[in-house]
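To start, the structure itself, in structure tokens.
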Amino acid sequence: MRSRNRRQTRARLVFILIFLGLLLYGGVQIFPYCYAILKGQYYINPRVQTRSDEVYQLELWVKLPSLPNQAPVREKLEQIISSFTAAHPNFQVNTTYLPEVQAMERLQLALEKGTPPDLFFHADSSQTYYGDLQIPLEIYLTKEEKLAWPEGVWKQAIIDKQVYALPVALYPRIMLVNSELWQPTTCSHSDVLANGWTWEQFLQCIAEVKQEKVYGFVPTSVGDAFFAGMLAAWGEPKLLHHDGEPTWSAEQLLQLAEAWLQLSQNPAVPSPPAQMDRDCLALFLNKRAAAIGPVNHHLAKWLWEKSLQVGITPSIWPLPNQTGHSDLRGIYLVAFRQADYKGHRHTKATAQLAHYLAPELALLLQEFAYAVPAQLSLLDRLDLPYTAESLAVYADVAKALPTSYSYGPEPGMAEKHWQHTIAPAWDRFVQGEWTAQEFAEGILLDLARATIAGP
Amino acid sequence: MKHLWLSLLLCAIVFTSLTAQVQAAPLQCNCLEDNRDLQLTAPAQTGPDVEELQTILKELGYYEGEISGIFDEATQLAVERLQAWLRLPVNGVFGAQEKEALTISLAHESIGTASPGPPPGELRIEIDTEKKTLTLLVDDQVFKVYPCAVGKPSTKSPVGEWRIIQKSTNWGGGFGTRWLGLNVPWGIYGIHGTNKPNSIGTAASAGCIRMHNRDVEEMYPWIPVGTRVSIIGPFPRIPVNSPLRVGQSSKEVQMLQLVLREAGFNPGYTDGRYGPDTAAAVSRLQAFYGLRPTGQADNNVLVLLGLH
């Protein structure tokens, strides 16, 4: 009887052990899926490692920065990729260079077909979210690795509490002042550098530096570039959420319109308002304007060097901003999965390549387009001709806006929304054809129409 | 006696043939085989080799004087013109280098003359105002090179990219036997023959491109209206004092196009016409620097390009 009980106990023990073993085996097998489900992304598992006996074929689509000569950038990028594949012989990277005007359309078509590239790098676009096939990349980084980027830069890339795009670099928009002419009493350089300045302070300062035959400020563009700068100044540089809903209310648009009217009526700027930008460069270089802006990364370097040649001591100031931020527009690397999912290890390989490319691309954009690298550790490698004080303003990544620049949810349509809906409305307002009220209502109505029917 | 007459006849034949050989030899090779460098010296060089050189120079249209057999200043000038055509250092000395280059060039010309015409493909003309040559290219491959004369320093040939817009024959006089008109907006310019063949290889015209009549006649049937013509040469920088707009045609517009191209913003053909391609290039430049992309070359664009 006792021995029978002992046998039964042993059998139970064996059964329990087998059961536990099966449970453990099953757990190990389904762990990646459990992990992915817990993270809300069934197709990722950053804990999976790539295998050296497996070949990973990765598609990289690149839209090079808009430069007069892209050949050296391309050559350098190919060197970067070659270095990666030399270190990872089982990785094959097929790079496709997208033409200037078709980049977004081609991506949109590929997304619709379910065949996007593994990685997409658009060196001119700040769009961070391209739809459901995009893979969140933050999840592949350790906490220590994430500290390489400042918080504000990460914030630009956050959609629905997840970082989908890996920040590469930032293109600053700044204001350039003639230090000899720019002597306002109410806003000192040190105050502005430390705390920023509001639109109201800016208007007051330019009025103070206005002299006979010298304007306080000349805008480089009264068109959509200026409007985009104003949107950034009010902290929300996009008009549509990624789900297509308008970001801005009529009241907020009225505030912008009011700010523009205040500027255009200020005696410190040239008139008529619609043509304020007509001779901006000549006015600044002939010492007939104390400040000029918004100045992009290309113009900043050109104007800085030209100013020195004509005997102007230039200084970089941040653009006025109601929320204390600097106008830095992020450039990102984004990853996709394909409709026929290639497995966790393929996705991990994609993330591995993205992780390698992000700092390398940052240095590439810094060299050829004077961009500011998004990673803090790369900032000391900035090689630009500005003084230390001006460089600090130019590369103030800690003050990056918490929102990215994007004008619509669809990659191919975003720019068109801007071009066909927003820019014409702004132009009508600037030309005086529309009142502030008509502008605010018109822009929202057109956006609503465009979201339903396309621009 | 009979043998004597036969011997005398044979001697006469042999002597005649030898004489004929001696006389024929200089025509073929005197100039090319003699090792002496021909140049202006005091006293002047004389001899059949000089005579032969003068004959060849006259045949080519570089020498207008008499066949005297004396290497004088006119002969030296003709040698210099020949050297310019052969793209050799111009020093007035006819030496081994010149002989070799001339032999190759004449051989090439005789082959070219025999050729039926260019092969199928995109035909275009390239005129080098420095080398004074007109090159016919098919699909960017050199098909034939002709010597030509270009504009004088005071009336330079219009450097730029043009098209043939007109073809006609027998304008006569200084225009020779054929005329291929170019679409230069600020004057009447063309490629034509000449009644001054000695000017070929020099900068002698009022801006047109002069060719030997036989060359322009050969080329004429191959060149359809619309053929692209590039005139290459130094382009003096001219200031642009006022904004330029779409629709304008001028040297200032061409200046803008050339500078846009230098800056990497391709405006299409540098033909002095402010068309859609130029406007697009200006817009790209404006967008690149964050300015309003209007496509009009306003003061900001001129300042950026260093034209104002």
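From a predicted model like this one, the values you see are computed outputs, not experimental measurements. A, B, ... follow the sequence lines: proteins, then strands. Residue 1 opens every chain.
For A/R278, the part sitting under 4.5 Å from any heavy atom of chain B is the backbone (N, CA, C, O) and nothing else. For B/L304, the parts lying under 4.5 angstrom from a heavy atom of chain A are both the backbone and the side chain. Contacts of A/N69 with chain B are absent, with no heavy-atom separation under 4.5 Å from either backbone or side chain. At a 4.5 Å heavy-atom cutoff, the contact between A/L285 and chain B is made by side-chain atoms alone.
In this model, no donor atom of one side chain and acceptor atom of the other lie less than 3.5 Å apart for A/Y97 and A/Q70. Residues B/E161 and B/T270 bring a donor and an acceptor atom of their side chains to less than 3.5 Å of each other.
Between B/H192 and B/W179, the ring planes are parallel. Angles under 30° get that label, and only those over 60° would be called perpendicular.
With chain A as the partner, the residue from B/N300, B/V303, B/L285 showing the most heavy-atom pairs under 4.5 Å is B/N300. With chain B as the partner, the residue from A/G223, A/A282, A/C280 showing the most heavy-atom pairs under 4.5 Å is A/C280.
The two residues B/L136 and B/L123 make their nearest non-hydrogen contact at CG-CD1, 4.3 Å.
The existence of a salt bridge linking A/E180 and A/K287 is excluded, since no basic side-chain nitrogen approaches an acidic carboxylate oxygen closer than 4.0 Å.
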